[in-house]
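Have a look at the structure below before the remarks.
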Amino acid sequence: QVQLEESGGGSVQAGGSLRLSCVVSGDPYSLGCIAWFRQAPGNEREGIAGLSLGNSKTRYPDSVIGRFTVSRDNAKSTVYLQMNSLKPEDSGQYYCARTRGLESRCLALEEPMYTFWGRGTQVTVSS
């Protein structure tokens, strides 16, 4: 069973940075995607960064392009989300998620494609 555990959330002032980590264990798949989603109170969960494990392609929505970067360290079975120039609207619960193996459109960052989810880590950005 794939398990994901996020860490690194916290409180930061606008303009600051945070790096989130997602440790992946029990993963029998070599392909597919790992992605970061966030959910603010009263809002739907949205995909904000995706990483294709087969070709290392990444994808971000316009709201975070140039500010967020997803990367991985295979030796540590960890995927990171580096968040710079944070804004108050970036506040929310951040989740990492993994597809069950290969999903050809997983960089579309659509929730139904992602089978395994972590419990999340809270990010609060104050103005």
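Position 1 is the first residue of the sequence; numbering continues from there.
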- Item | Rounded distance (nearest 0.5 Å) linking atom CG of Leu20 with atom OG1 of Thr78 | 12.5 Å
Contact between [X] and [Y] at the side-chain level, heavy atoms closer than 4.5 Å - yes or no?
| X | Y | value |
| --- | --- | --- |
| Thr69 | Leu81 | no |
| Val70 | Val79 | yes |
| Arg38 | Gln93 | no |
| Ser91 | Val125 | yes |
| Lys87 | Arg67 | yes |

- Message: Is the positively charged end of Arg72 above the ring of Tyr80, judged by distance under 6.0 angstrom from the centroid and angle within 45° of the axis?
- Response: no
- Query: Hey, mind stepping through Leu109 and Arg59 against side-chain contact (heavy atoms from CB on, under 4.5 Å) and telling me if it holds?
  - Reply: CA-CA 8 Å; Leu109 301 179; Arg59 184 168 182 265; 4.3 Å; yes
If two hydrophobic side chains count as joined below 4.5 Å and joins carry through other members, does [X] share a cluster with [Y]?
| X | Y | result |
| --- | --- | --- |
| Ile34 | Leu107 | no |
| Ile48 | Tyr114 | no |
| Met83 | Leu4 | yes |

- Sequence neighbours left out, what passes salt bridge (Lys or Arg N to Asp or Glu O under 4.0 Å) with Arg19? Give chain and number order. none
- Criterion side-chain contact (heavy atoms from CB on, under 4.5 Å) against Phe37, the qualifying member of Arg45, Glu44, Glu46: Arg45
- Query: Is it true that the side chains of Asn84 and Ser17 contain a donor and an acceptor less than 3.5 Å apart?
  - Reply: yes
- Task: Hey, can you tell me if Tyr95 and Trp117 have their rings parallel, tilted or perpendicular (30° and 60° cut-offs)?
- Result: perpendicular
- Query: Can you list the steps and then say if Tyr29 with Leu53 is a side-chain contact (heavy atoms from CB on, under 4.5 Å)?
  - Reply: CA-CA 10 Å; Tyr29 310 108; Leu53 300 178; over 6 Å; no
- Item | Note: Arg119-Glu5 ion pair, threshold 4.0 Å (strictly below) | no
- Note on the structure: Here the pair of heavy atoms bringing Gly47 nearest to Pro61 is O-CG, 3.5 Å
